[in-house]
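Here's the structure we're looking at; comments come further down.
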Amino acid sequence: MYRTKTNGELRIANVGEAVTLAGWVQRTRKMGGMTFVDLRDRYGITQIVFNNEIDADLCEHANRLGREFVVQITGTVAERSSKNSKMPTGDIEVIAKELNILSESITPPFTIEDNTDGGDDLRMKYRYLDLRRNSVRRNMELRHQMAILIRNFLDSKDFLEVETPILIGSTPEGARDFVVPSRMNPGQFYALPQSPQTLKQLLMVAGFDRYFQIAKCFRDEDLRADRQPEFTQIDCEMSFVDQDDVLAIFEDLARHLFKEVRGVDLPAKLQQMTWHDAMRRFGSDKPDLRFGMEFVELMDTMKKGKFGVFDTAAYIGGICVPGCANYTRKQLDQLTDFVKKPQIGAKGLVYVKYNKDGTAKSSIDKFYTPEDLQELKEKMGAKDGDLVLILSGDNANKTRIQLCALRLEMGDQLGLRDKDKFECLWIVDFPLFEWSDEEQRLMATHHPFTMPCPDDIPLLDTHPEQVRAQAYDFVCNGIEVGGGSLRIHDTKLQEKMFKLLGFTPERAEAQFGFLINAFKYGAPPHAGLAFGFDRLVSIMAGLDSIRDCIAFPKNNSGRDVMLDAPSVLEPGQLDELFLKTDLTRINEDAKK
RNA sequence: GGUGCGUUAGUUCAGUUGGUUAGAAUGCCUGCCUGUCACGCAGGAGGUCGCUGGUUCGAGUCCUGUACGCACCGCCA
């Protein structure tokens, strides 16, 4: 019994049965009097046989076929005389009786194979061909499967899916908005939502209790492998819940997804790590817990020696890299170059090798006694054969971020960032505010509607930078996959937040008046969370970039190279919108 | 806004110290081949070395600028 595609319907065909298959020509093999055609559709490949001795005209017709021709073939399912164990349909073939060329194809610019010869750029330009490839199509199938699982899960928990508008108003806080001119309101612009944040809060005021949406979001910021200008969030909001309720239900969702998609059992209760601990132990608010090498703070230990660099350091920290005492001078120099790269910006790297024979060799032997190094060894929990790497700097936070980059690099070098291993955790107790040097004011770490921790509310007036937020991130394998918070539903507290963030009452009213007003009519306590759907899919699929699970992604410059978008408008279109483009600034930059 | 790497045949890449007619694989075309399945064999076509300016007797190779691509920093409430 073999699965085939017949007249658009899946069915099971038996040997000897007549079938009609339609699809694309993967390749042909001409053997003189015989021609074999590998016919591909969404479900796989079936070998078609044309035989000169059975039907010479038909065989001649088949010899015209080229790669990616679309054909319909009627024939008989037959058992193969020589089977091919490498392909799922390898023990049958279809002996062709009729061949109908539905569409011809010019030679594709790259091979439609699992291991294509096409580069990323070319694949994106011809994405419709790229999507024919198994590996890419499978990512789309996984995305579909996960969307179904998520919808069904949230539906079973009484979440109501509501679509919120794509054309909304601009909010200067946070990321840059994409804007859309309004023809009927000359000189005015819509903005595309960075997230449906305020709208879902209004749905809570509306009494919808539990909302979700698989929502397109838009941010006009620079791109990365894990950042697209338009992306998809699993956007959720709940009323009458506290933080534990939210975390419980969404780690249930995560547990369900990992089990159904990957067969992986996440722990019954996910670890919760405070932001402060995450920064102290891993130098990151999204630590990769697939491996150890936790930071050890070494201020007391290292300041004993005579190494001048450490005298003025505000932070000295080390990681213990297991089994790497045999690193060569060249490898250590490369690590030093790595931390000195401009993106990382460390001044230098101190290493201590604890050799297998019990001796120690370090870059700071001149300044420390063997006893000092022994004390360091104990402090680091290092064993013979381990390598200790130490960074220092006069800015504790920056140095921790540098040490984080080094830790991840060592994790990569030792192959510890295994794509089939999943370590998920919650980061909690984020600071409510961050100081912005650029704007010379406090900025909301999460967003301006985030509820402070109740214990810290008195600090709002005295030490706002110390106030913790009831905000949480879902982190998997060092990637921020989701985040959310309890929201402020009290008008007075919200006004205070706006004031601390430097909003005048007039500006707050102009931008968020609709929300403040709504809260005057009985707002339930509410909280929510959003998962980055693209990131979640790419983690499950083991992809390096979220582009690979997006049907038609944008490139690094935010361009769709297939559609050649964005593009200039016809003069008439601009006119209708009362718009003029002024490219003089670009030309001036070009002259310089 | 910044840093790094890259740009050579349809495609993926190699190209030594600057030196004759720029190579390989694959794809494509032609012919042969009745059990192939990455079929095989023989032959063939295919290049403005991203663009620009410079150094040089001579530039794919060195230098300036620029465009594009990728990764990253800044940015992403």
Side-chain angles (χ1 to χ4, degrees), chain A residues 26-39 45-54 59 66-67 78 80-87 89-91 93 95 106-126 171-177 194-195 197-198 217-229 231 337-338 340-345 398 401-402 405 408 430 432-434 436-439 442-450 469 471 480 483 485 497 501 503 511-512 532 544-545 547 555-557 559 561 589-592:
Chain A
Q26 181 74 22
R27 64 169 66 79
T28 60
R29 290 178 292 279
K30 292 171 195 170
M31 307 295 299
M34 285 182 98
T35 296
F36 298 95
V37 172
D38 288 347
L39 187 67
I45 285 177
T46 305
Q47 175 166 279
I48 315 295
V49 190
F50 295 87
N51 194 327
N52 209 8
E53 290 171 0
I54 295 173
C59 196
R67 278 164 59 204
R80 289 204 205 178
S81 49
S82 56
K83 302 191 190 318
N84 182 347
S85 59
K86 286 182 215 155
M87 55 193 291
T89 59
D91 41 5
E93 61 196 359
I95 298 171
I106 57 173
T107 304
F110 52 86
T111 58
I112 314 295
E113 306 277 353
D114 288 358
N115 292 312
T116 181
D117 61 1
D120 289 347
D121 198 14
L122 205 60
R123 286 173 45 212
M124 292 307 152
K125 186 170 175 187
Y126 299 93
T171 50
E173 276 286 293
R176 280 187 205 91
D177 289 318
Q194 301 170 25
S195 92
Q197 180 59 39
T198 49
C217 303
F218 306 84
R219 291 178 190 174
D220 186 10
E221 296 293 345
D222 285 9
L223 286 76
R224 292 284 189 283
D226 63 352
R227 264 163 43 186
Q228 284 273 303
F231 60 101
D337 290 343
F338 173 80
K340 285 163 91 171
K341 280 199 302 191
Q343 298 99 292
I344 298 181
K398 279 186 184 166
I401 290 166
Q402 292 162 359
L408 292 176
F430 277 79
L432 188 61
F433 300 106
E434 283 170 329
S436 165
D437 286 335
E438 196 180 328
E439 305 220 3
L442 290 174
M443 308 274 282
T445 305
H446 187 54
H447 59 53
F449 320 110
T450 304
E480 180 196 327
S485 63
M497 276 294 285
L501 288 167
F503 280 76
Q511 278 174 30
F512 301 112
D544 292 323
S545 169
R547 277 195 284 264
N555 76 2
N556 237 7
S557 319
R559 296 202 67 84
V561 292
D589 287 350
K591 276 177 207 160
K592 290 172 201 167

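Heavy atoms only: backbone and side chains are in, while hydrogens, waters and symmetry mates are out. Every chain is numbered from 1, with letters handed out A, B, ... down the list of sequences.
For the pair A:F36 and A:I48, the minimum side-chain heavy-atom distance is 4.5 Å or more. Inter-residue side-chain proximity for A:T111 and A:R67 is flagged as met; some heavy-atom pair is nearer than 4.5 Å. Using a 4.5 Å heavy-atom cutoff, the side chains of A:S485 and A:H447 are in contact. Between A:F449 and A:T198, some side-chain heavy-atom pair lies under the 4.5 Å cut-off.
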What does nucleotides 36-43 of chain B look like as a protein-contact string, B for base, S for sugar-phosphate only, - for none, at under 4.0 angstrom between heavy atoms?
BBSB----
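In a base pair of the Watson-Crick type (N1 to N3 plus N6-O4 or O6-N4) or a G-U wobble (N1-O2 and O6-N3), with each distance short of 3.5 Å, B:rU17 is matched with no nucleotide. In this structure, B:rC49 makes no Watson-Crick or G-U wobble pair, since no nucleotide meets both defining distances under 3.5 angstrom. Figure legend. B:rA9 is base-paired to no nucleotide; pairs are counted as Watson-Crick or G-U wobble with both atom distances under 3.5 Å. Checking B:rU36 for Watson-Crick or G-U wobble geometry (two distances, each under 3.5 Å) identifies no partner in any strand. Nucleotide B:rC29: paired with B:rG43 (Watson-Crick or G-U wobble, both distances less than 3.5 Å). When both pairing distances are held under 3.5 Å, B:rU3 makes a Watson-Crick or G-U pair with B:rA71. With a cut-off of 3.5 Å on both Watson-Crick or G-U wobble distances, the partner of B:rU56 is given as none.
Comparing B:rA24 with B:rA9, their C1' atoms sit 11 Å apart, to the nearest whole Å. Comparing the P positions of B:rA59 and B:rG1 gives an interatomic distance of 35 Å, to the nearest angstrom. With P as the reference atom, B:rG35 and B:rU26 are 23 Å apart, rounded to whole Å. The P atoms of B:rG43 and B:rA38 are separated by 24 Å, rounded to the nearest whole Å. With both ends at atom C1', the span from B:rU17 to B:rC28 equals 37 Å, rounded to whole Å. Between B:rU56 and B:rU61, the distance separating the two P atoms is 16 Å to the nearest Å. As rounded to the nearest Å, B:rA45 and B:rU52 have C1' atoms that lie 32 Å from one another. Here the separation of B:rU64 from B:rG53, taken at their C1' atoms, is 7 Å to the nearest Å.
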Under-3.5 Å N/O pairs linking protein and nucleotides 9-15 of chain B:
{"unit_1": "B:rU11", "atom_1": "O2'", "unit_2": "A:D117", "atom_2": "O", "d": "2.5"}
{"unit_1": "B:rU11", "atom_1": "O2'", "unit_2": "A:D117", "atom_2": "OD1", "d": "3.4"}
{"unit_1": "B:rU12", "atom_1": "OP1", "unit_2": "A:G119", "atom_2": "N", "d": "3.3"}
{"unit_1": "B:rU12", "atom_1": "O4'", "unit_2": "A:D117", "atom_2": "O", "d": "3.2"}

Contacts under 3.5 Å, N or O only, protein and nucleotides 71-76 of chain B:
{"unit_1": "B:rA71", "atom_1": "OP1", "unit_2": "A:R547", "atom_2": "NH2", "d": "2.4"}
{"unit_1": "B:rA71", "atom_1": "OP2", "unit_2": "A:R547", "atom_2": "NH2", "d": "3.1"}
{"unit_1": "B:rA71", "atom_1": "OP2", "unit_2": "A:N556", "atom_2": "OD1", "d": "3.0"}
{"unit_1": "B:rA71", "atom_1": "OP2", "unit_2": "A:N556", "atom_2": "ND2", "d": "3.4"}
{"unit_1": "B:rC72", "atom_1": "OP2", "unit_2": "A:A225", "atom_2": "N", "d": "3.3"}
{"unit_1": "B:rC73", "atom_1": "OP2", "unit_2": "A:R224", "atom_2": "NE", "d": "3.1"}
{"unit_1": "B:rG74", "atom_1": "N7", "unit_2": "A:R224", "atom_2": "NH2", "d": "2.9"}
{"unit_1": "B:rG74", "atom_1": "O6", "unit_2": "A:D222", "atom_2": "OD2", "d": "3.4"}
{"unit_1": "B:rG74", "atom_1": "O6", "unit_2": "A:R224", "atom_2": "NH1", "d": "3.1"}
{"unit_1": "B:rG74", "atom_1": "O6", "unit_2": "A:R224", "atom_2": "NH2", "d": "3.3"}
{"unit_1": "B:rG74", "atom_1": "N1", "unit_2": "A:D222", "atom_2": "OD2", "d": "2.9"}
{"unit_1": "B:rC75", "atom_1": "O2'", "unit_2": "A:E221", "atom_2": "OE1", "d": "2.7"}
{"unit_1": "B:rC75", "atom_1": "O2", "unit_2": "A:R227", "atom_2": "NH2", "d": "3.1"}
{"unit_1": "B:rC75", "atom_1": "N3", "unit_2": "A:R227", "atom_2": "NH1", "d": "3.1"}
{"unit_1": "B:rC75", "atom_1": "N3", "unit_2": "A:R227", "atom_2": "NH2", "d": "2.9"}
{"unit_1": "B:rC75", "atom_1": "N4", "unit_2": "A:R227", "atom_2": "NH1", "d": "3.1"}
{"unit_1": "B:rC76", "atom_1": "O2", "unit_2": "A:R227", "atom_2": "NH1", "d": "3.2"}
{"unit_1": "B:rC76", "atom_1": "N3", "unit_2": "A:R227", "atom_2": "NH1", "d": "3.2"}

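In this structure, A:E434 reaches neither bases nor backbone, as no heavy-atom distance under 4.0 Å exists between it and the strands shown. Among the protein residues, A:T450 comes within range of no part of the nucleic acid, since none of its heavy atoms lies under 4.0 Å from any strand.
For A:N51 against B:rU34, a side-chain-to-base donor-acceptor contact under 3.5 Å is present.
Annotation: side-chain contact (heavy atoms from CB on, under 4.5 Å) contacts of A:Q26 (sequence neighbours excluded): A:D38, A:R40, A:I45, A:E113. With sequence neighbours excluded, the residues forming a side-chain contact (heavy atoms from CB on, under 4.5 Å) with A:R219 are A:A175, A:Q194, A:S195, A:F231, A:Q233, listed by chain and number. Residues satisfying the salt bridge (Lys or Arg N to Asp or Glu O under 4.0 Å) criterion with A:E439, sequence neighbours excluded, are A:R441.
Look at A:D337 and A:K340 and you find no salt bridge, because none of the NZ, NE, NH1 or NH2 atoms lies under 4.0 Å from a carboxylate O.
Of the possible polar contacts, one joining the A:S545 side chain to the A:A225 backbone as a donor-acceptor pair under 3.5 Å is found. Under a 3.5 Å cut-off, the side chain of A:K341 and the backbone N or O of A:F338 do not form any donor-acceptor pair.
Atom NZ in A:K125 sits about 15 Å away from atom P in B:rC68, given to the nearest Å. In this structure, A:K341 places its NZ atom 19 Å from P of B:rG2, rounding to the nearest Å. To the nearest angstrom, P of B:rG35 lies 14 Å from CD1 of A:I54.
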Could you please spell out the steps behind the salt bridge (charged side-chain N to carboxylate O under 4.0 Å, His left out) verdict for A:R176 and A:E221?
CA-CA 6 Å; A:R176 280 187 205 91; A:E221 296 293 345; 2.8 Å; yes
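The two atoms that bring A:T445 and A:F433 nearest to each other are OG1-C, 3.3 Å, heavy atoms only.
The aromatic rings of A:F503 and A:F512 sit tilted relative to each other, their planes meeting at an angle between 30° and 60°.
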